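Accompanying notes for the structure given below.
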Amino acid sequence: MIADFAWIRPEPGGLYIRPADVWIDPSRAVGMALVTHGHADHARAGHGMTMATPATLAIMQERYGELGEARPMPYGERVALGGGVHATFRPAGHVLGSAQVLLEHAGERVIVTGDYKRRPDPTCAPFEVTACDLLITEATFGLPVFRHPPIATEIARLLAAREAEPDRAILVGAYALGKAQRVIAELRIAGYHAPIYLHGAMEKMCRLYAEQGVALGELRPVAGTAKAALAGQIVICPPSALGDRWSARMPDPVPAMASGWMRVRQRVKQRGIELPLVISDHADWDELTATIAEVNPAETWITHGREDALLRWCELTQRRARALALIGYEDEDD
Ligand SMILES: [Zn+2]
Ligand SMILES: [Zn+2]
């Protein structure tokens, strides 16, 4: 018998689990939501009940203030949602607290990956491969052109640029949740122990990561630091700050950006980036295809990005697959 997974329904506003009346990463406020991780396009405020990992709930509280009813879902804890549906959160390796959701109902197992990656990341638990009948996978970088280099290579390029430009500040645009902390942690692993300077918008999330046990070393605010003292320093800021007046506080800044999109020359040019760092918290093409092969589900649903090439790859490798058109998920500068 071919399972049809009728109990889980892709709606424009998210995935709806009918027997339990629960949504996953809904794009609008709902009664009960399972939230895979803290990025704004997945974690929205205003749900009657939010179920997420303890770290994701802490991130959401930091961003939105009081959440209303919240249920912490530690990794590996199997919880009855009602309607005969059980949910278990499993690590996704994307950012701190990020999770895949395993749903079980009527003998069928479904994994919703949320955003994920397979590369090691010192700031979060690694992705766990989980057997399932239906895999619902993201596809942000679902084109063969996207192959992320090892992060150590990109960090070495960042450190080399700093050595080469002792009179300039190296200004690294990085997504405030996840990417910023990963770049900092990787700099520490590479042996860089000088203070790292932060744009004001990065401070809260870095503090939260440190409180959750992620070692980031000495961080200093740019605010209150003399311009001359920033020469030869690494400064982390949101991507949007690279082009605005705030960057005039830096001595002759080298605009850098840490993003999977830095693979695309046009984006590098558009943003005026001098030092593009191809660092992504999403699976690249090889990770996406390897994960589908490894999980080897009876069926794959593809969402959240570039579905077409991955759909074609599934067809060529004799896998049942379909593309979903969910709305409300953005590029997130990742
Ligand atoms: Zn994300
Ligand atoms: Zn996302």
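Ligands are counted one by one from 1 in listed order, and the atoms in each one are counted from 1 as well. Since this is a predicted model, take the numbers as computed values, not measurements.
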Please enumerate all residues that pass salt bridge (charged side-chain N to carboxylate O under 4.0 Å, His left out) together with Glu218, with sequence neighbours excluded. Arg220
Below 2.8 Å, any N, O or S contact between His304 and the Zn ion (ligand 2)? yes
Taking the Zn ion (ligand 1) as the apex, His94 NE2 and His37 NE2 span an angle, rounded to 10°, of 100°
Under 30°, 30 to 60°, or over 60°: which ring-plane class applies to His282 and Phe141, parallel, tilted or perpendicular? perpendicular
Quick one: are the ring centres of His42 and His304 less than 6.0 Å apart? yes
Is the Lys NZ or Arg CZ of Arg306 less than 6.0 Å from the centre of Trp285's six-membered ring, within 45° of the axis? no
In His39, the N/O/S atom nearest the Zn ion (ligand 1) carries the name ND1
Check Arg118 with Asp286, please: is the shortest side-chain N to carboxylate O separation under 4.0 Å? no
Is there an N/O/S atom in His282 at a distance below 2.8 Å from the Zn ion (ligand 1)? no
Shortest-distance N/O/S atom, His42 versus the Zn ion (ligand 2): NE2
For Asp115, the N, O or S atom at the shortest distance from the Zn ion (ligand 2) is OD2
